[in-house]
Amino acid sequence: MSHNRLVISAPKSGSGKTLITIALMQAFLDQGKTVSGFKCGPDYIDPLFHQKVLGIPSKNLDLFFTDEIKTRALFQAENNSNLSIIEGVMGLYDGLSATSDEASTYRLAAALKAPLILVIDARGMAFSVIAEIKGFLSLDIQGLIKGVILNNTSKALCEKLRPVIEEKCGIALLGCFPNQKDLEIESRHLGLKLPDEISDIKEKVQLAAERIKKSVDLGRIFEIAKSAPDLPPEEALPSEEALPAGKVTLPPLRIALARDQAFCFYYEDNLRLLRSLGADLVEFSPIHDKALPPDISGLILGGGYPEFYAGALEANESLRREIRQKIEQGLPSLAECGGFMYLHNTIQTHDKSVYKMAGVINADVRYTGKLVRFGYASVKDKKGFFCRKEIRGHEFHYFDSSDNGSDCLVTKTSGQNYETAQVAENYFWSFLHLYYPSNPEFAANFVEKCRRYSEKL
């Protein structure tokens, strides 16, 4: 099937690819094109910028989570846009280890047969930029790199370098993005600030788009995207693999999904998979809503930043009490990272303040001041309550619990093993962010537990 697509990557993190990617998306939207956004890797925040600031669909693609066939299927699913733009992660060839490009942006581009545009931070460089480009081209065994954009350099220098780069490197110099100090997006310990926390973010993005229209050849970029070959027909999606025979016609189940400033980290394909299995995901706010949605058969508490809203979460005592009572009465629940923290007795925040939380887990969470766990994880549910085979995900947190649990065995890509998670018949709680399409059985079992709960009501 035909999909106009391209990947935006860079030699390293901090090269400016996020701002340039967002600016390009907005510029093409201004031309009247429909655009879909994608993020290589497990990052939640970049897709949130695509969705909330630009108003376009966006989701993650990750070759550690799913193989090439499933990844292509997930890319094509419900994707009818004029243009798909995939933002890379880290450096182009950076993979699961320091010595491999496995699951890298380059491998994803190859799996999608997508042309690549390289963003080079050329601050303080001139002719030397050719050596950097040539170095990256030397590892491009599939000939995917079709052009470069020079970041943090002047338009005048860009025009001088254009004929030399195109002659010596054999790829297009598509333009430049001059120093944009006034457009920088603030960061913190988990990455960029969330779009709702930046008051002028839409104005910044529109200004970036106006500037990139003047300095980058959008027409040539779209032609590169159109040059991508047709992909093979969609294979079976993970959601289709998980559909229980005869269950698809059953009435949808109302499952409460926490979504607000404190809980906002969700993989779109996780939610899509749950919906395909019969879940009617009813959103609520643990900050603002005084009660759970009525007639629910399950509860999902995703990741996010409960530490920054701990006072408001504590103040919502009626909801905390109801969540505790419902779970104690057997309501099936999933909680990961921020949601896991919320289920504890208390959270101790960055400034040592302590706030009461839901009190479901008889333990406490504190800020450690350092990264506790980081990276990809292969997760084995030791008792098989939710899945018999491993499911994949990742961890990234600066907080720790006095009782992380030991019901799952986690294997990192380094080979390190450890036990974590609190899992029983009706719940799965941990710091882990799981990617359900990597093992659809997990989602299918959760929905089935919710259905059995609803039948008892």
Side-chain angles (χ1 to χ4, degrees), residues 41-44 60 62-66 89-90 94-100 102-103 189-191 265-267 270 300-307 333-348 350 357 360-443 445-446:
D43 179 79
Y44 288 103
N60 299 75
D62 192 309
L63 288 174
F64 174 76
F65 292 157
T66 51
V89 62
M90 300 188 295
D94 295 329
L96 295 182
S97 72
T99 58
S100 167
E102 184 182 356
H189 63 284
L190 292 185
F265 292 168
Y266 293 100
Y267 290 125
N270 281 7
I300 300 175
L301 297 164
Y305 292 117
E307 64 269 29
S333 58
L334 303 176
E336 59 182 40
C337 207
F340 176 58
M341 291 163 60
Y342 177 69
L343 291 181
H344 282 67
N345 288 331
T346 64
I347 290 178
Q348 183 192 72
H350 305 72
M357 292 292 113
V360 175
I361 297 172
N362 187 25
D364 302 288
V365 169
R366 65 180 180 87
Y367 178 66
T368 67
K370 62 182 180 179
L371 199 53
V372 180
R373 297 280 189 196
F374 170 74
Y376 288 117
S378 298
V379 183
K380 176 69 175 176
D381 176 358
K382 294 196 299 185
K383 296 180 181 178
F385 284 122
F386 281 77
C387 51
R388 291 159 296 177
K389 296 180 180 179
E390 72 173 29
I391 184 170
R392 293 191 165 187
H394 81 286
E395 281 192 84
F396 187 12
H397 54 97
Y398 285 72
F399 285 77
D400 204 3
S401 169
S402 58
D403 184 5
N404 284 302
S406 59
D407 295 318
C408 287
L409 178 65
V410 172
T411 303
K412 304 302 286 291
T413 55
S414 64
Q416 176 194 6
N417 293 310
Y418 57 91
E419 293 179 331
T420 193
Q422 299 195 27
V423 184
E425 176 62 38
N426 268 8
Y427 61 79
F428 193 110
W429 308 329
S430 74
F431 273 113
L432 294 159
H433 294 282
L434 300 179
Y435 188 73
Y436 304 164
S438 68
N439 185 349
E441 180 191 21
F442 181 94
N445 280 337
F446 175 65

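Side chains are part of it too, since the values below use all heavy atoms of this structure and drop only hydrogens, waters and symmetry mates. No experiment lies behind these values; they were computed from the predicted model shown.
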To the nearest 0.5 Å, how far apart are OG in Ser430 and CD in Gln422? 9.5 Å

Is any side-chain heavy atom of Asp364 closer than 4.5 Å to one of Gln348? no

What heavy-atom pair brings Ala363 and Ser401 nearest, and what distance separates the two atoms? CB-OG, 4.1 Å

What pairs with Lys389 under side chain to side chain donor-acceptor pair (under 3.5 Å), at least two apart in sequence or on another chain? none

Given the rule in the side chain to side chain contact (heavy atoms under 4.5 Å, CB included) test, do Thr420 and Leu432 qualify, once you have shown the distances and angles that lead to the verdict? CA-CA 9 Å; Thr420 193; Leu432 294 159; 4.0 Å; yes

Using the ring-ring contact (aromatic ring centres under 6.0 Å, His included) rule, take His394 and Phe64 through it: C-alpha gap first, then chi angles, then the decisive distance, then the call. CA-CA 10 Å; His394 81 286; Phe64 174 76; 9.8 Å; no

In this structure, which one of Tyr305, Phe431, Tyr367 forms a ring-ring contact (aromatic ring centres under 6.0 Å, His included) with Phe399? Tyr367

Is there a side chain to side chain contact (heavy atoms under 4.5 Å, CB included) between Ile391 and Phe386? Walk through the geometry before answering. CA-CA 10 Å; Ile391 184 170; Phe386 281 77; over 6 Å; no

NZ of Lys412 to CZ of Phe374, rounded to nearest 0.5 Å, is 8.5 Å

Is any side-chain heavy atom of Asn404 closer than 4.5 Å to one of Tyr418? no

Do Tyr342 and Ile347 come within less than 4.5 Å of each other through their side chains, counting heavy atoms only? no

Before you tell me yes or no, could you show the steps for Asp407 and Asp381 under side chain to side chain contact (heavy atoms under 4.5 Å, CB included), namely the whole-Å CA-CA distance, both residues' side-chain angles and the distance that decides it to 0.1 Å? CA-CA 7 Å; Asp407 295 318; Asp381 176 358; 5.7 Å; no

Which heavy-atom pair separates Pro42 from Asn60 by the least distance, and what is that distance? C-ND2, 3.7 Å

With the side chain counted from C-beta on, respond yes when His397 and Met341 share a heavy-atom pair under 4.5 Å apart, and no when they do not. no

For Arg366, the salt bridge (Lys or Arg N to Asp or Glu O under 4.0 Å) test, sequence neighbours excluded, returns none

Check: Leu343 and Leu301 side chains under 4.5 Å, non-hydrogen atoms: yes

Spatial distance of atom CZ (Arg388) from atom CG (Asn439) [nearest 0.5 Å]: 8.5 Å

Taking side chain to side chain contact (heavy atoms under 4.5 Å, CB included) as the criterion, tell me which of Phe340, Phe446, Phe442 meets it with Phe428. Phe442

From Asp43 atom CG to Met90 atom CE, the distance as rounded to the nearest 0.5 Å: 11.5 Å

With side chains defined as the heavy atoms from C-beta onward, is the minimum distance between Asn270 and Pro437 less than 4.5 Å? yes

Taking atom types as modelled and ignoring hydrogens, do the side chains of Asp62 and Tyr376 form a donor-acceptor contact shorter than 3.5 angstrom? yes

Just by distance, no angles: are the side chains of Asn345 and Asn362 close enough, under 3.5 Å, to form a donor-acceptor pair? yes

Using 0.5 Å steps for rounding, measure from the CD atom of Glu390 to the OG atom of Ser378. 4.0 Å

Apply side chain to side chain contact (heavy atoms under 4.5 Å, CB included) to the pair Asn426 and Phe385, showing each step before the final yes or no. CA-CA 8 Å; Asn426 268 8; Phe385 284 122; over 6 Å; no

Do the non-hydrogen side-chain atoms of Ile361 and His344 ever get within less than 4.5 Å of each other? yes

Closest non-hydrogen contact found for Val423 with Cys408 is CG2-SG, 3.9 Å

By the definition ring-ring contact (aromatic ring centres under 6.0 Å, His included), identify the one residue from Phe265, Tyr266, Tyr435 that meets it with Tyr44. Phe265

Distance in Å, Cys387 SG paired with Glu441 CD, rounded so as to fall on 0.5 Å steps: 6.0 Å

Can you find a pair of side-chain heavy atoms, one from Ser97 and one from Thr413, that are under 4.5 Å apart? no

